[in-house]
Engineer: 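There's a structure below that I have some questions on.
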Protein chains: 4
Amino acid sequence: MNDASPRPLRADAARNRARLLDVATEVFTTRGVGVPTEEIARAAGVGVGTLFRHFPTKEALLEAVVVRRLETITARAAQLAAETEPAEAFFACFRLVVEQSAGKQEFTRALAEAGVDVHASLRESSDQMRGRLAELLAGAQQAGAVRPEVGLPELIALLVGVGAATEHLAADPAARERVYDVVFTGLRPH
Amino acid sequence: MNDASPRPLRADAARNRARLLDVATEVFTTRGVGVPTEEIARAAGVGVGTLFRHFPTKEALLEAVVVRRLETITARAAQLAAETEPAEAFFACFRLVVEQSAGKQEFTRALAEAGVDVHASLRESSDQMRGRLAELLAGAQQAGAVRPEVGLPELIALLVGVGAATEHLAADPAARERVYDVVFTGLRPH
Amino acid sequence: MNDASPRPLRADAARNRARLLDVATEVFTTRGVGVPTEEIARAAGVGVGTLFRHFPTKEALLEAVVVRRLETITARAAQLAAETEPAEAFFACFRLVVEQSAGKQEFTRALAEAGVDVHASLRESSDQMRGRLAELLAGAQQAGAVRPEVGLPELIALLVGVGAATEHLAADPAARERVYDVVFTGLRPH
Amino acid sequence: MNDASPRPLRADAARNRARLLDVATEVFTTRGVGVPTEEIARAAGVGVGTLFRHFPTKEALLEAVVVRRLETITARAAQLAAETEPAEAFFACFRLVVEQSAGKQEFTRALAEAGVDVHASLRESSDQMRGRLAELLAGAQQAGAVRPEVGLPELIALLVGVGAATEHLAADPAARERVYDVVFTGLRPH
DNA sequence: AATGAATGAGGATTCATTCAT
DNA sequence: AATGAATGAATCCTCATTCAT
């Protein structure tokens, strides 16, 4: 719990921060992290100074983007897990994670690093996501829907992998489905 | 008209070119494409000028690295295909491709783009590789070792994906094997 | 026409102004004039906006700091001059000036410029200080305690110089005393 | 002895390096260290890149400037010491040091820090200068020309101090002479 | 052919100052 | 009056590429 929240943040400041985060997410994922900060600021309709006021470093901005995304995914996964029975929940979440992170070059890499780790700030959100994934996996295994010898590390690796695989199949949904099919089949017992 | 052939290249020049390519391969794959050209030149024991004489652009150097790698892989794949029966050859080549490209950040991405394509110069070598992969796939499918509905695009996607998955499992060979197992199982009929 | 007087200034505003001045004095003298205004504001417990309301420019703030210091020193010098006999007063004031300005990097420079001069606003206070120093010098010379050919410009120069000399002798009081001794001996007749 | 000299340096490179050093000396001493590197480069007739090739950091450039100056002064002081009898040599060197460093804002500060110290690279040259000054002082004291209780720290402090004093007396040579007179008188026995 | 010095556009970051709240 | 968010010019430094030696 974070009672010592950073401070309420004025309405306009909050708006700018959000804009920045949205724009950065979009820009980083479509064009990579090499995009100049200035361009991100411009796209968000603010000056560079504002960007740097909210995120003291370009890296901090990237981190914030990744954290937010992890949190969103984790939340949705939790919801899915609550509403659905284990087997179905597992596979639905698999797709969810892949779809939310695929097509996002650097983000995929960041997710990948959740297997090893990263910057302290990411720690928490990636840990949470890991925890959620572990639960889903365990549930699906108990329900007999996933081979029991599959562990968390390879699950994460497969998420990353399918994300990468999928990324270049954007134009071919049928092929994408076949990738899922191969992997899901491979994950099921026998 | 000059000689059509790209010039015989003096012995030392050829040596430099080869050194450069080796060093660049090593450096790009271990530290990413962000490494300054100057550093690559130094590591190869030549001046930057020499590097740029051989490769007019940093990108050209990267391309040459990728092309050479593709050619090597393709050649080994061809060898494997010739020496082994279709089913075995297919899975052996799958591993070969993954292992040769995995752990190579940017290279993986380059290979990935072979699914859609890239710079004209890569065309040929990636086409060759694609041809080889298509043959292997067809062979394995005729032998009943791979599900018939799997197509080339998703095969390539899976290669890229397993490469990505594998990249962060360097320290855990058992998990890596399980990833292969999942995907290979998923590729086989039933 | 507005009131000629600079406005009575609300109680809290006056308090802020004073705080700002104190903090700025401390910060400028210990860490140099390079310190960001924002930091000074924070240290004074106000927002930057408030700082700039009181001092329209960073330079204006620095100036106010210097002026206040000059005035303080001048006042103490006047007091000393009134209470003590000329010879003693002169040397005591010399020390006073040096000690109040020494160790204060930028301030020393500002004081130094009093020899040539500066911003209009400093004019008055530096003139006053100059007047006071001139009187002290004259008194000491009439009392036969200081060589008659020493003029105001070199007195100021020596004050600045001893300040500079002293600044790096903070840890060695004995050496500092010897510096004073050298200069005071040199100032006395024969 | 520096047998492992950094490398011969091509003629043009050496020329540029020297130009840069000269220009930087001039610019830093007349306008302070705040001057943009770009301006220094332009004044030296080279691009910024060249400046940074020779001096990897602005600070490194400043350091090089200071070192060169210290070395020059030390060399001249050594020469003076060799050619003149102790008493005279001491006072001549005092003036030399002051005149070479005075009027040079930041340089003075650097010299001053020789009392405490600085960046490793400066170490050597400032140590050499300190050694030279110590010899001169000892010689003059043995010759009975300087009070025996004066130590090296306060000598350095006085050099810095007279430099600072002198700096603002550029237009008044007579006053400057009187400053020297005061300090030299104070340094002599009785 | 090789070398490495020179170039300068480009990019991240800081900070005095303004202005909406 | 106070606040602190926004601004953007200014600055240091990097690096792909060119060119004199």
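Just so we're on the same page: letters track the sequence lines, and every chain starts at 1.
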Engineer: Which whole-number value in Å describes the distance from R15(C) CZ to dA2(F) P?
Structural biologist: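 From R15(C) CZ to dA2(F) P: 10 Å.
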
Engineer: Suppose we screen for side chain to side chain contact (heavy atoms under 4.5 Å, CB included). Which residues come up paired with F55(C), at least two apart in sequence or across chains?
Structural biologist: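 Counting only residues at least two positions away or on another chain, F55(C) forms a side chain to side chain contact (heavy atoms under 4.5 Å, CB included) with R17(C), L20(C), L21(C), A60(C), L61(C), A64(C).
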
Engineer: With sequence neighbours excluded, what pairs up with R68(D) under the salt bridge (Lys or Arg N to Asp or Glu O under 4.0 Å) test?
Structural biologist: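 Here the qualifying residues are D22(D).
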
Engineer: In whole Å, what is the span from the CG atom of D12(D) to the P atom of dT3(E)?
Structural biologist: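 Going from D12(D) (CG) to dT3(E) (P), I get 17 Å.
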
Engineer: Output every pair passing side-chain hydrogen bond (donor to acceptor under 3.5 Å, both in side chains) with a member in residues 39-48 of chain A, not counting sequence neighbours, ordered by first then second residue.
Structural biologist: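 For residues 39-48 of chain A: R31(A)-E39(A).
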
Engineer: Does H54(B) put a side-chain nitrogen or oxygen below 4.0 Å from OP1 or OP2 of dA1(E)?
Structural biologist: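 For dA1(E), OP1/OP2 do not have a side-chain N/O of H54(B) under 4.0 Å.
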
Engineer: Under the rule for side chain to side chain contact (heavy atoms under 4.5 Å, CB included), what residues qualify as partners of A18(B), not counting sequence neighbours?
Structural biologist: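 Result, side chain to side chain contact (heavy atoms under 4.5 Å, CB included) vs A18(B): none returned.
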
Engineer: Filter on salt bridge (charged side-chain N to carboxylate O under 4.0 Å, His left out), then keep only pairs touching residues 47-58 of chain A, sequence neighbours left out; what's left?
Structural biologist: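 Checked against salt bridge (charged side-chain N to carboxylate O under 4.0 Å, His left out) - neighbours excluded - the pairs reaching residues 47-58 of chain A are R53(A)-E38(C).
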
Engineer: Applying side chain to side chain contact (heavy atoms under 4.5 Å, CB included), name anything that partners E26(D), two or more places apart in sequence or on another chain.
Structural biologist: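 Per chain and number, E26(D) pairs via side chain to side chain contact (heavy atoms under 4.5 Å, CB included) with T30(D).
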
Engineer: CG of L62(B) versus C1' of dA16(F): gap in Å, rounded?
Structural biologist: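 One finds 14 Å between C1' of dA16(F) and CG of L62(B), rounded.
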
Engineer: Report, as a single string ordered 5' to 3', how protein heavy atoms within less than 4.0 Å touch nucleotides 7-16 of chain E: B base, S sugar-phosphate only, - not at all.
Structural biologist: BBB-SSBBSS

Engineer: Going by side chain to side chain contact (heavy atoms under 4.5 Å, CB included), name the residues that satisfy it together with S125(D), two or more places apart in sequence or in a different chain.
Structural biologist: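 S125(D) satisfies side chain to side chain contact (heavy atoms under 4.5 Å, CB included) with V67(D), L70(D), E71(D), L122(D) only.
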
Engineer: Taking atom P of dA16(F) as reference, at what distance in whole Å does atom CG of L20(B) sit?
Structural biologist: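 To the nearest whole Å, that distance equals 14 Å.
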
Engineer: Is there a side-chain contact between V66(B) and F28(B) (heavy atoms, below 4.5 Å)?
Structural biologist: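 V66(B) does not reach F28(B) side chain to side chain.
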
Engineer: Where does DNA chain E pair, written as one dot-bracket string 5' to 3', with Watson-Crick or G-U pairs under 3.5 Å, ( ) inside the strand, [ ] for crossing pairs and | for another strand?
Structural biologist: .||||||||||||||||||||

